[in-house]
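As structure tokens, the structure follows; a few thoughts come after it.
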Amino acid sequence: MSRFDRVLVVDWSANATPKLGADSIWIGSAGAGAVAPRNMPTRFACMEALRTEIAAAQASGQRMLVAFDIGFGFPRGFAAHLTGRAEALAVWDWLADRVEDDARNANNRFEVAAQINRVFPGIGPFWGRPNGRDLPDLPAKGTAREGHGLAELRDTEALCAGAHPMWKLYTTGSVGSQSLLGQAHLARLRQEFTDALSVWPMEGDEAPIVLVETYLSLIDPAVKQAQNYPCKDAAQVDLLARAFHHADMTQLMAVSATPETLREEGWILGAGHAAHLLEVLEPAPLTPPRLRNDCFAMPQGVDWVPVDTALNRLRTALHPLTAEEDVDIKEAGGRILTQDIVARRANPPAANSAVDGYGFAQASLEGNGPYTLPLVVGRAAAGQPFGGEVPRGYAIRILTGAILPEGVDTVVLEEDCASDESRVAFDGPIKPRINTRKAGEDVVAGAIFLPAGRSLTPADLALASALGVGRVKVYRHLRVGVLSTGDELLADPNSAAQPHQIFDANRPMLLEIIRKWGHVPVDLGHVPDDPVRIAAALDNGARACDVILTSGGASAGDEDHVSRLLREKGNLSSWRIALKPGRPLALALWQGVPVLGLPGNPVAAFVCTLIFGRPALSLMAGCGWQEPQGFLVEAAFTKTKKPGRREYLRARLDAEGRVEVFASEGSGRISGLSWAEGLVELPDGAETIQPGVMVRYFPLASFGL
Ligand code: AMP
Ligand code: MG
């Protein structure tokens with residue numbers, strides 16, 4: 001782990017006017033309080049944000065690394081010739097006295113570079129300028145330079161493939177301009193924060209806030225694969241911040257250059273360590289831990305286990321069992337997030353119109369109306385922004401979803417207007433900003449909008465897509481095996497059955513329940529009550545599944561081979577649950593795979609699956625513990641219930657909205673299961689139910705069916 005609680009990476013820029021988006025200033029963060037990359041329109045805005053960050057880090061006692069993609073020094077000989085001291089930081093102060101940069105990015109960097117060139121012999125070292133900037137001491141081409149006596153690259157740049165020389169001020173890849181401006185700004189920051197801040201490597205790395213230079217292309221291979229970023233710059237700062245946070249800083253900061261070189265030229269943090277940075281960015285595959293062998297053991301002396309005790313026990317024993325995979329958002333419905341999803345952009349990304357109508361600055365309106373405003377030529381529509389500014393006193397035709405052009409803060413509804421080609425008239429009063437949507441009013445960039453453990457709904461897919469999230473990390477589907485046991489069972493309902501044989505009813509039911517819950521059902525077939533065959537089927541299940549449900553043979557009777565086998569080989573914990581229908585629930589680990597041994601009676605198997613299987617499988621699938629939602633409903637039946645165990649009755653609502661129960665409580669009556677649309681829960685204690693008494697009713701839908 002890094003020795004910094006927090007890392008910021010700044011993609012700095014030499015833009016001469018305010019700019020957002022690609023090729024502008026981005027701040028990435030990692031560690032404590034990390035947020036999605038932030039875009040800064042100007043250097044002033046960026047420095048303000050950094051001051052706030054530094055103050056916050058100081059207030060909370062956090063150590064922070066702030067990395068800039070500028071050069072902190074120049075090739076050897078430069079600093080001493082310019083300032084009389086062979087120190088990069090002397091150049092910073094020299095620049096701070098001369099570089100002018102205003103709140104709208106207007107600056108004099110080319111003039112300052114020309115001034116430096118005059119101090120050196122020959123032509124250069126700086127070169128590169130926009131066409132039409134006539135600065136005799138600043139050649140337009142690098143080849144025009146001669147005799148300045150300085151090396152092209154610093155030692156550290158030799159370790160960074162593709163690094164451009166500090167002398168190049170203009171066009172693709174140049175770093176010189178942004179370094180001149182950056183060093184001047186950072187010199188002022190140093191003066192403000194004094195001892196709280198040190199510049200690495202010149203001043204070491206002991207201060208709470210450490211400024212370093214870096215090279216964003218170090219992690220290009222990871223940036224190329226990155227998804228869900230608004231632009232490359234955003235991906236670079238985000239990924240590099242994360243890489244620095246996870247990297248071995250001692251290794252990164254152990255540089256084998258002379259102290260003189262470090263003091264004068266500086267060093268790129270991460271130079272020569274690209275492989276390490278890329279390696280720490282590789283997410284460690286999420287490997288679920290195995291369950292403990294004794295995880296299902298009930299405390300000694302517990303005989304009949306109340307339902308709630310059993311549920312609590314399961315809840316503490318289990319945890320997510322499946323690994324992580326990466327899926328396209330279109331395929332992610334019903335999948336469960338392994339990580340919080342962070343908004344990569346705001347929704348809406350920019351202020352826009354909520355209606356079709358006419359937009360203008362509300363301050364243009366004088367008096368109480370009616371108003372008539374001249375229209376500018378052109379219009380603003382969704383996907384077709386109006387490039388220009390709407391002058392005060394003018395209006396523009398605007399359609400729903402169109403970005404508000406500069407000069408527009410208010411929109412009046414088309415239906416409330418009269419208009420010809422050149423004017424629009426409407427009545428007042430008009431509230432400021434009416435019919436507009438603020439940028440980020442739905443979700444701000446950087447917000448966690450869907451938490452880990454969430455099962456993605458159709459609406460979630462819309463939300464994630466709107467916020468620029470195209471792929472998500474989810475739990476691999478939970479594979480749930482279903483095995484039926486019993487000598488009497490016949491698997492195929494089409495086959496001819498002897499009187500002593502019955503068709504396997506549980507397996508089709510359980511497989512379908514699992515499918516409806518979003519897991520992958522795995523049919524493990526049916527085996528007779530033969531320990532060898534049951535063991536072979538469980539072996540098979542343990543290979544193919546994350547969890548196995550068996551039905552039948554779970555009691556402690558002569559033919560209850562499942563429990564016997566599990567007791568011998570699978571750390572069986574047989575829970576006698578105070579539940580009707582149900583009672584025995586066998587819990588065990590077979591080769592590390594959890595086995596839920598359900599009762600054989602189809603009604604009991606069904607109820608146990610809903611009450612215990614659903615939350616247990618949900619937890620193992622990564623979705624957390626799920627409780628069904630019950631409703632108090634008037635009873636339409638009579639029943640006297642003894643204390644000592646909880647009961648679930650097959651039930652449904654009658655025409656009056658009261659709850660009726662199936663005529664027979666026999667747990668072999670499958671027709672009653674089919675008849676039921678829900679379950680009535682009668683609490684553990686004694687109850688006397690008369691028609692009109694309120695009982696708790698759980699529709700099957702509340703169990704996800
Ligand atoms: P057991 O738990 O094995 O003692 O079985 C209890 C009752 O459930 C017996 O009447 C079994 O015949 C019945 N049974 C067990 N498994 C199934 C199944 N897969 N389908 C239908 N009935 C079953
Ligand atoms: Mg049996």
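Keep in mind that the numbers below use all heavy atoms, side chains included, and drop hydrogens, waters and symmetry copies. Indexing begins at 1, ligand by ligand and atom by atom, following the structure's order.
- Among the atoms of Ala505, some N or O lies under 3.5 angstrom from an N or O of ligand 1.
- Counting heavy atoms only, Gly600 comes closest to atom 8 (O) of ligand 1 of the residues Ser563, Pro599, Gly486, Gly600.
- Close N/O approach between Gly553 and ligand 1 is found [any backbone or side-chain N/O within under 3.5 Å].
- Between the CD atom in Glu488 and the CZ atom in Phe503 there is a gap of 13.0 Å [rounded to 0.5 Å].
- In summary, the atoms of ligand 1 found under 4.0 Å from a heavy atom of Ile502, numbered by their order in the structure, are 12 (O), 21 (C), 22 (N), 23 (C).
- A cation-pi contact links Arg344 to Tyr229, judged by a cut-off of 6.0 Å to the six-membered ring centre and 45° from its axis.
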- Message: Pair Arg646, Glu687 - check salt bridge (Lys or Arg N to Asp or Glu O under 4.0 Å), show working.
- Response: CA-CA 11 Å; Arg646 187 172 298 182; Glu687 289 280 321; over 6 Å; no

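- With respect to Glu665 and Lys639, a salt bridge is recorded, a charged nitrogen being found less than 4.0 Å from a carboxylate O.
- Residue-to-ligand polar distances keep Arg507 apart from ligand 1: every N/O pair is separated by 3.5 Å or more.
- Distances below 4.0 Å separate heavy atoms of Asp504 from the following atoms of ligand 1: 18 (C), 19 (N), 20 (N).
- When each of Val595, Ile534, Leu598, Leu538 is paired with Val562, the side chain to side chain contact (heavy atoms under 4.5 Å, CB included) condition holds for Ile534 and for no other.
- Put simply, the side chain of His526 reaches to within 4.5 Å of the side chain of Arg507, judged on heavy atoms.
- For Pro602, the closest heavy-atom approach to ligand 1 falls below 4.0 Å.
- Which parts of ligand 1 touch Glu488 is read off a 4.0 Å heavy-atom cut-off, strictly below it: atoms 11 (C), 12 (O).
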